[in-house]
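The figures here come from the full heavy-atom set of this structure, side chains too, leaving out hydrogens, waters and symmetry mates. Note that the structure is predicted; figures quoted are calculated from it, not measured.
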Amino acid sequence: MSSLVLDFQEMNKTQFMLVGGKGFNLGELSKMEGIQVPEGFCVSTVAYQQIIEQNNKYRVLLEKLAKLEIDDRDQIAEVSRKIRQVIMEVEIPLNLVEDVTHYLLSKHGDEHAYAVRSSATAEDLPHASFAGQQDTYLNVIGKDAILHYISKCWASLFTTRAVIYRMQNGFDHSQVRLAVIIQRMVFPQASGILFTADPITFNRKILSIDASFGLGDALVSGLVSADCYKVKDEKIVDKMIATKKVSCNVLNGGGTEIQQIDPEKQKAQTLTDQQILQLARIGRRIEAYFGSPQDIEWCIVENTFYILQSRPITTLYPIPSSNDEENHVYISVGHQQMMTDPIKPLGLSFFLLTTFAPMRVAGGRLFVDITHQLATPVSRNNLLNAMGQHDPLMKDAIMTIIERGDFIKTLPDDNHAPSPTKGKSDRHAQVGNNPSIVSDLIMRRQTSIEELKQNIQTKSGSDLFDFILSDIDVLKKLLFDPQSSSVFMTAIHASSWINAKMNEWLGEKNVADTLSRSVQNNITSEMGLALMDVADVIRPYPEVVEYLQHVKDNHFMDELERFDGGQKAREAIYAFLNKYGMRCAGEIDITKTRWTEKPLTIVPMILSNIKNFEAKAGKRRFEKGQQEALKKEQELVERLKQLPDGEQKVKETKRMIDLIRNFIGYREYPKYFMVNRYFIYKQALMKEAKQLVQKGVIYEEEDIYYLSFEELQEVVRTNTLDYQIISKRKGEYKLYEKLTPPRVITSDGEIIAGKYKRENLPAKAIIGLPVSAGVIEGRARVILNMEDANLEDGDILVTAFTDPSWTPLFVSIKGLVTEVGGLMTHGAVIAREYGLPAVVGVENATNRIKDGQRIRVHGTEGYIEIL
């Protein structure tokens, strides 16, 4: 066996780096009993290495390519072209010519036609398919032509598309190698692609087959139309027969051409039903062999199926695990918590310790199993009512599953489940209408935080972990305290009542939005105004402002005292961080870097406030909101008095307004309380991490983020760790970052997308959920990372999601558009309090709206127009 050339039958499972992804999978397929693979051999990556390792021109160009950024498209194209040229000019080594000749003559025959196919080491991987990035050449005849196309395949490692794809996926160009497959051509009547999971819905129980006449290369390239067949449980459940006007066919002397199909054959079904089911069975066998859903290229020759390639489907979202074979429905926690990024293992375990909900982990995200809630009519209605308030897209997706009728087993009604309406009047009686309830709740929780800070300082090692576990019980008790929940649920119900009744009685929508402005005890909106106060302290001192404009180090406050006003600035920033420094983007993940840990994060927001506002703007903004709310209340009272039973309507309305004003601000406090406590735990655990680094157990303190709480506890106890666990999870986390989590996913892996049901909107309206009333026009600022925000007063913020840490930006904007969110999520609550028209839950908003475009946000009706 030569290291330069390997026959499919000679390959083994240790030789991936020799034969690349495609070659490896073909070698495995050729060993499967009953699976037909056109015979062939592989020119290994050793041969490619030989032709480049001593080539100075190649090395210089590769170094130049490595320095380019992904936006340097023209330079990437030019340097890539030169590298391809260098590779094509290299003479193929004699020993490789001899080995290829030997395999052709002795094993396969040089008179046959061959396919010459690229097979890169960064290809057909579980997390990156690289499909179509390198080249394939069909119907190649003769040794000299084969050798020429081997060079062309090597060169295709540096097509512009392949280079950019590697850059996007974090692959080092110098570490990728290319093998070349030489495979006997077969001349099929038909060919196509088989997905063992539906590529549209991601349902793992549905196979999807694309089929067209002739060679599959034209189908893959998008040149020809294809039939589409769906198979589930060995039954054809759907067919789409395409009009197939052309096919790709081989030429006698080599090469291929596109030919017209006879008109009477154009609408014929490409495969018979029997062939469809036979191919589906082959697909399931291959999927079982590789252990994951597969994307399979196939062709059929005289009623025999040949498999030309199989690779993992890399676009599927992982299915949350269950302990049984029953059907399950899962909803995304991230869409409810306004943080759809993946969470590291330590963060996941803390959230799981804190919740009572039946949660599962998939793709680094949390999902709630709502199957049991959907099984009985009462609990199902409760869930749907809650989803209707929170996330209509999620509700619509759940309704799609319910309407199928057979996915969830229906159980008898649980008479103990609360009804949607039962208890609302009781809830008001329980909390009354006394704003001091909120003050008392906050004071008790703040006291418990101070006690925790004191007590945790004396704990270390195993004692610390036991202490944190016992304190999480305290956290849960306070977090899920019925009185605490009743306070903000009372306000939410009052808001819904006001909106419904004012629309019914006065024909005015979203009235509660104005009535919610500048309420007391909203810890999140107070944070945005507090940062404006910090700007007020710094604004009079030009030297401090100048210094802050150029700081790049998180220790910048150490130098502040050198400047006039520096001490005051330092004290103001520290006071802000003392109250809010535990916050950050994605704060439900305990591993995320907090503002106290990286105070540089808040500097651009302070500078933005200095630039965009005058002194005491925060106080004036709050007072303005109070006046607008009071004015709206007075206006409603006057209009209601004119109606039949006006006095009674006024009485009911004023009571509901008081409930909103007294209690809605508390909606933001429980999360602040949880995050505050999380940060205290984190600080204690980072001390343990420091000890582990000193003992050589881990390399860096942040390594503990990739362990669960229980695993970290064991590592601290034993001072031992298999570091491969950390390395593996770091790799998994990078993969999870590329995934887009679904709102709703089933145990079949099917992703159900909800739809907004709206009529009479402008033709090109971008639809979302209205959460804060009003209409505003302005410049769209599409911002994905809070630290990159460079906002001007009057901009409209367009982003994927906002959690409380984004609130300081809200003071500079005039409107808000997000991809994630609902009526009572944090961004919506703060938008209403600040009086910002807002539309959330806008699918792909950050792609559909371009940075700098002028847009109009209809916060009352729930849509955006691009102007």
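Here the side chain of D589 pairs no donor or acceptor atom with the backbone of I343 at under 3.5 angstrom. Distance alone, capped at 3.5 Å, is enough to place a donor-acceptor pair between the S516 side chain and the A512 backbone. Judged purely by atom type and a 3.5 angstrom limit, N609 has no side-chain atom pairing as donor or acceptor with the backbone of I606. Using a distance-only test at 3.5 Å, with no hydrogens or angles considered, no donor-acceptor pair links the side chain of E668 to the main chain of S525. Between the side chain of R365 and the main chain of P742, no donor-acceptor pair closer than 3.5 Å is present. S608 places no side-chain N or O within donor-acceptor distance of the main-chain N or O of P604, the cut-off being under 3.5 Å. Between the R445 side chain and the P670 main chain, no donor and acceptor come within less than 3.5 Å of each other. Proximity of a side-chain donor or acceptor of T860 to a complementary backbone N or O of G774 within less than 3.5 Å is detected. The backbone N or O of R729 lies less than 3.5 Å from no partner atom in the side chain of K344, so there is not a single donor-acceptor pair. Without hydrogens or angle criteria, Y834 side chain to T807 main chain gives no donor-acceptor distance under 3.5 Å.
In this structure, R517 CZ and N522 CG are separated by 14.0 Å, a value rounded to the nearest 0.5 Å. In this structure, the separation between CG on N676 and CD1 on I449 is 4.0 Å, given to the nearest 0.5 Å. To the nearest 0.5 angstrom, M674 atom CE is 10.5 Å from I472 atom CD1. Of the inter-residue distances, the one linking M387 atom CE with Q336 atom CD reads 4.5 Å to the nearest 0.5 angstrom. Interatomic distance, L797 CG to F810 CZ, rounded to the nearest 0.5 Å: 6.5 Å. Expressed to the nearest 0.5 Å, how far CG of N612 lies from CE of M532 amounts to 9.0 Å.
Listed by first and then second residue, the salt bridge (Lys or Arg N to Asp or Glu O under 4.0 Å) pairs that reach into residues 796-813 come to none, sequence neighbours excluded.
Between F709 and F350, the two ring planes are perpendicular [angle over 60°; tilted spans 30° to 60°].
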Should L577 and I602 be marked as a side-chain contact (heavy atoms from CB on, under 4.5 Å) after you check the CA-CA gap, both sets of side-chain angles, and the distance that decides it? CA-CA 10 Å; L577 292 174; I602 66 171; 4.0 Å; yes
Determine, stepwise, if the pair Y706 / S727 fulfils side chain to side chain donor-acceptor pair (under 3.5 Å). CA-CA 9 Å; Y706 297 92; S727 301; over 6 Å; no
Would you sort out whether R758 and E861 count as a salt bridge (Lys or Arg N to Asp or Glu O under 4.0 Å), showing the intermediate values? CA-CA 10 Å; R758 232 48 95 53; E861 301 295 336; over 6 Å; no
Using side-chain contact (heavy atoms from CB on, under 4.5 Å), reason through T746 and N327 one step at a time and then give a plain yes or no. CA-CA 7 Å; T746 72; N327 290 338; over 6 Å; no
If you apply the rule side-chain contact (heavy atoms from CB on, under 4.5 Å), what do you find for I783 with W806, and how did you get there? CA-CA 11 Å; I783 297 169; W806 287 69; 4.2 Å; yes
For I319 and R204, run side-chain contact (heavy atoms from CB on, under 4.5 Å): C-alpha distance rounded to whole Å, both residues' side-chain angles, the deciding distance at 0.1 Å, then the answer. CA-CA 10 Å; I319 304 173; R204 268 60 158 194; 3.6 Å; yes
Checking salt bridge (Lys or Arg N to Asp or Glu O under 4.0 Å) for the pair K205/D198: CA distance, chi angles, key distance, verdict? CA-CA 8 Å; K205 290 187 177 178; D198 190 321; over 6 Å; no
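Under the 6.0 Å cut-off for aromatic ring centres, Y672 and Y669 qualify, their centroids lying closer than that.
With contacts defined as side-chain heavy-atom distances shorter than 4.5 Å, the pair Y330/M359 does not qualify. Annotation: side chain of V519 is in contact with side chain of E833 (closest heavy-atom distance under 4.5 Å). Residues D369 and P320 form no side-chain contact, since every pair of their non-hydrogen atoms from C-beta on lies 4.5 Å or further apart. Counting heavy atoms from C-beta on, the side chains of T601 and W595 come closer than 4.5 Å. Taking the side chain as every heavy atom from C-beta outward, T340 and H335 approach each other to under 4.5 Å. Contact annotation: the side chain of R854 approaches that of E777 to within less than 4.5 Å [non-hydrogen atoms, C-beta and beyond]. Inter-residue side-chain proximity for K850 and V782 is flagged as unmet; no heavy-atom pair is nearer than 4.5 Å. Residues I588 and Y678 form no side-chain contact, since every pair of their non-hydrogen atoms from C-beta on lies 4.5 Å or further apart.
Applying the side-chain contact (heavy atoms from CB on, under 4.5 Å) test between I408 and each of I402, I370, I398, L374 identifies L374 as the sole match. Each of T799, T846, N847 was compared with E819 under the side chain to side chain donor-acceptor pair (under 3.5 Å) criterion, and only T846 meets it.
Between the side chains of T524 and E526, no donor-acceptor pair is found at a separation under 3.5 Å.
No more than 12 heavy-atom neighbours from other residues, nucleotides or ligands sit within 6.0 angstrom of NZ on K728. The number of heavy-atom neighbours closer than 6.0 Å to NZ of K757, taken from other residues, nucleotides and ligands shown, is above 12.
The minimum heavy-atom distance linking I751 with Y317 is given by the pair CD1-CB, 4.1 Å. Contact detail for P342 and G363: the closest heavy-atom pair is CB-O, 4.2 Å. The two residues M394 and R743 make their nearest non-hydrogen contact at CE-O, 3.8 Å. Nearest heavy-atom pair, T596 versus M582, reported as atom, atom and distance to 0.1 Å: OG1-N, 4.3 Å. Considering all non-hydrogen atoms of both residues, A689 and I698 come closest at O-CD1, 3.8 Å. What you find for K682 and Y705 is that their closest heavy atoms are CE-OH, 3.3 Å.
A search for side chain to side chain donor-acceptor pair (under 3.5 Å) contacts involving S349 returns nothing, not counting sequence neighbours.
Ion pairing between K814 and D795 fails under the 4.0 Å rule for side-chain N and carboxylate O. With respect to D396 and K755, no salt bridge is recorded, no charged nitrogen being found less than 4.0 Å from a carboxylate O.
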